[in-house]
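Just so it is clear, the values below take in all heavy atoms, side chains as well, and ignore hydrogens, waters and symmetry mates.
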Amino acid sequence: MASSPLLATSLPQKQLTTTATATAGEFRLHPAEKLAFLIDKSVSVNEVLQIHAAILRHNIVLHRYPVLNLKLHRAYASHGKIRQSLALFHQTISPDLFLFTAAINTVSVNGLHDEAFLLYIRLLSSEIVPNEFTFSSILKSCSTESGKAIHTHILKLGLGLDPYVATGLVDVYAKGGDVISAEKVFDRMPERSLVSSTAMITCYANQGNVDSARALFDGIRERDIVSWNVMIDGYAQHGFPNEALTLFQKLLTESKPNPDEITVVATLSACSQIGALESGRWIHVYIKNSRRIRLNVRVCTALIDMYSKCGNLEEAVSVFNDTPRKDIVAWNAMISGYAMHGYSREALRLFDEIKGLQPTDITFIGLLQACAHGGLVKEGLRMFESMREEYGIKPKIEHYGCLISLLGRAGMLKRAYEIIRNMKMEADSVIWSSLLGSCKLHGDFVLGKEIAEYLIGQNIVNSGIYVVVSGLYASVNDYEGVAKVRSLMKEKGIVKEPGISTIEIDDKVHEFRAGDREHLSCKEIYEMLRKISELVKSHGYVPNTDAVLQDLEEAEKEQSLQVHSERLAIA
DNA sequence: ACTTAATTAG
């Protein structure tokens with residue numbers, strides 16, 4: 001659209017002779033209606049500003065033309081000019097329901113939840129009655145508590161069965177984790193729309209109830225890509241990465257719908273979790289060959305994460321270098337990638353290269369991990385300080401975890417212990433395990449035992465800590481200590497979670513538990529295991545049975561190590 | 001004229 005004609009004193013004749021605006025020109029419209037028509041055609045903020053200027057030039061009093069006023073508000077809001085669109089609202093003498101609703105929607109969408117409620121209250125104070133549009137807008141700003149209050153208003157006005165409103169309610173209850181209320185609203189809907197079903201699937205998935213989610217998903221006749229994405233991501237984010245991959249494969253076998261950016265991001269996350277490099281690579285190639293799916297910053301970040309976690313750092317770096325419009329999340333992923341591969345200096349160097357982006361708490365987790373892995377004590381301590389002082393980021397428990405691991409590995413055990421005791425927050429089992437592990441590593445059994453006894457005394461225990469404590473006792477041959485820990489475990493009914501190892505072969509992920517005999521090639525696997533064992537023993541391998549927690553004879557301990565899940569997977 | 005579901009980093 002041309003830029004200057006709108007600023008001319010009369011209405012832009014040129015505009016009205018083009019084909020696009022011919023319909024408007026055929027009628028003798030009031031300038032306000034013509035301008036409203038132009039707003040609908042506008043594609044940039046500049047055009048909106050010019051139209052606004054034309055409105056002022058024509059001395060059009062906006063609140064006398066509610067439709068024009070509303071369209072202008074919407075146009076500003078849709079281009080992210082929130083202040084401008086709200087200014088329009090506040091200049092309007094008595095806003096009608098449409099403008100109220102649009103304004104509530106604008107602030108809600110932009111996260112100004114308090115503002116949304118102020119507007120809603122102002123609406124209620126006028127004699128205007130909110131409608132279904134208003135509620136689907138205000139619900140976006142509701143917590144579960146305020147959602148319940150709004151729910152009563154909805155019921156009072158008889159709008160509870162409107163599909164938009166009901167979906168909004170399901171969404172509010174889903175965010176608050178109130179599945180029961182969400183189900184109630186959902187079940188009462190006269191007909192389940194695709195969107196409301198998808199909202200309900202999201203609710204189930206977020207609760208980790210993937211079975212209910214899947215049942216609902218399977219019951220949908222016409223599934224769109226959003227419902228597939230919700231289901232795949234639901235699996236991926238709640239401990240079922242294999243199911244996520246399988247479902248993605250199922251999607252590929254159906255002709256519709258086509259995967260999009262979000263589908264591949266969710267699936268790549270599943271690949272990262274199980275180290276499925278081949279599947280991840282396949283998806284990368286699929287994206288490159290697809291004309292629909294763009295390698296945008298989010299897709300690239302998922303690829304960086306996948307390649308890093310699947311052990312291919314070079315490919316992660318290569319994707320990072322080709323990532324367009326890198327945001328802090330992309331930088332964080334690459335920093336963490338370097339950190340987990342032990343390239344500490346590269347991680348720190350990358351941090352120095354970030355320009356014009358505010359680092360987040362996660363940036364510092366990556367950096368501190370890099371320092372911990374590389375034994376860069378001075379740098380790590382300085383980093384921890386600058387996080388608080390320079391960047392104003394409050395350390396979370398995870399940051400302390402990195403710090404303790406950093407000091408612990410460097411043998412600065414006393415200092416690490418002091419930091420834990422002086423932390424503002426309660427140390428978690430990860431931190432204690434890390435420090436105990438360091439005590440064992442550096443042979444400081446006095447401090448190690450002191451901590452172990454403190455933990456047992458304080459009842460800060462779980463299977464993770466028991467394992468480390470017992471290992472600590474075992475390494476100094478304190479079998480009384482080991483026995484004490486064991487009986488405590490029994491007494492409290494703590495069971496060590498069975499370890500599972502997975503390995504990817506020819507695009508299929510195989511799972512193994514210790515002593516597993518479920519696998520189809522079980523016989524061959526055990527035969528291979530026997531050969532490997534002979535080989536390593538002939539090279540002087542002696543099994544270290546100290547870490548075996550079960551109460552077994554030495555030979556049995558060896559046997560239990562022999563069929564360790566990782567060994568099975570490798571065989 | 002105003003309205004509904006999904007995304008990455010530890």
Side-chain angles (χ1 to χ4, degrees), chain A residues 33 36 39-40 65-74 77 95-106 108-109 130-140 159 162-172 174-175 189 193-203 205-206 220 223-234 236-237 260-269 272 296-306 308-309 323 326-337 339-340 359-369 396-399 401-402 430:
Chain A
E33 290 176 298
I39 291 176
D40 287 340
Y65 299 93
V67 176
L68 181 59
N69 199 9
L70 178 79
K71 281 183 187 286
L72 197 55
H73 170 94
R74 299 285 316 151
D96 61 4
L97 176 59
F98 291 103
L99 190 58
F100 258 118
T101 299
I104 289 172
N105 193 48
T106 299
S108 280
V109 166
N131 64 7
E132 63 271 36
F133 294 84
T134 321
F135 284 117
S136 68
S137 295
I138 188 77
L139 281 171
K140 285 185 274 209
L159 296 171
D162 177 88
Y164 286 76
V165 175
T167 305
L169 282 169
V170 169
D171 206 34
V172 167
K175 287 199 178 84
M189 290 180 71
S193 69
L194 174 60
V195 177
S196 61
S197 297
T198 307
M200 196 63 225
I201 292 172
T202 312
C203 177
N206 286 340
I220 301 177
R223 292 180 288 236
D224 67 356
I225 193 58
V226 179
S227 47
W228 280 91
N229 290 348
V230 163
M231 196 62 234
I232 292 174
D233 193 56
Q237 302 307 318
D260 64 6
E261 282 89 356
I262 296 172
T263 324
V264 295
V265 167
T267 313
L268 285 169
S269 159
S272 307
N296 64 20
V297 61
R298 288 192 161 176
V299 172
C300 287
T301 303
L303 283 168
I304 294 165
D305 185 53
M306 183 279 294
S308 298
K309 287 184 179 151
T323 301
K326 297 185 187 70
D327 59 6
I328 190 63
V329 183
W331 286 91
N332 287 352
M334 196 61 251
I335 289 175
S336 297
M340 70 181 85
T360 66
D361 55 333
I362 290 157
T363 318
F364 286 97
I365 287 178
L367 293 168
L368 290 170
Q369 257 172 6
K396 295 212 257 186
I397 190 87
E398 291 92 337
H399 297 98
C402 297
V430 177

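- A:N206 comes within 4.0 angstrom of no nucleic acid atom, judged by non-hydrogen atoms across all strands.
- Contact annotation for A:K309: backbone-only contact, meaning every heavy-atom pair under 4.0 Å involves sugar-phosphate atoms and none involves a base.
- With sequence neighbours excluded, the residues satisfying side-chain hydrogen bond (donor to acceptor under 3.5 Å, both in side chains) with A:K71 are A:D40.
- A donor-acceptor pair is defined here as one N or O able to donate and one able to accept, closer than 3.5 Å; no such pair exists between the side chain of A:S137 and the backbone of A:I104.
- Contacts of A:T360 with the nucleic acid, taken as non-hydrogen atoms under 4.0 Å apart, include base atoms.
- Within 4.0 Å (heavy atoms only), A:K396 reaches at least one base atom of the nucleic acid.
- The side-chain hydrogen bond (donor to acceptor under 3.5 Å, both in side chains) check on A:Y65 picks up A:H30, with sequence neighbours excluded.
- Nucleic acid contact class of A:V230 (heavy atoms, under 4.0 Å, all strands): sugar-phosphate only.
- In terms of the salt bridge (charged side-chain N to carboxylate O under 4.0 Å, His left out) criterion, A:D327 has no residue partners (sequence neighbours excluded).
- For the side-chain hydrogen bond (donor to acceptor under 3.5 Å, both in side chains) test, residues two or more places apart in sequence or in another chain that qualify with A:N229 are A:D260, A:T263.
- Here A:E261 lies out of heavy-atom contact (under 4.0 Å) with every strand.
- A:T202 meets the side-chain hydrogen bond (donor to acceptor under 3.5 Å, both in side chains) test with no other residue; sequence neighbours excluded.
- You can see that DNA chain B meets the heavy atoms of chain A within a 4.0 Å-exclusive cut from B:dA1 to B:dG10, reading 5' to 3'.
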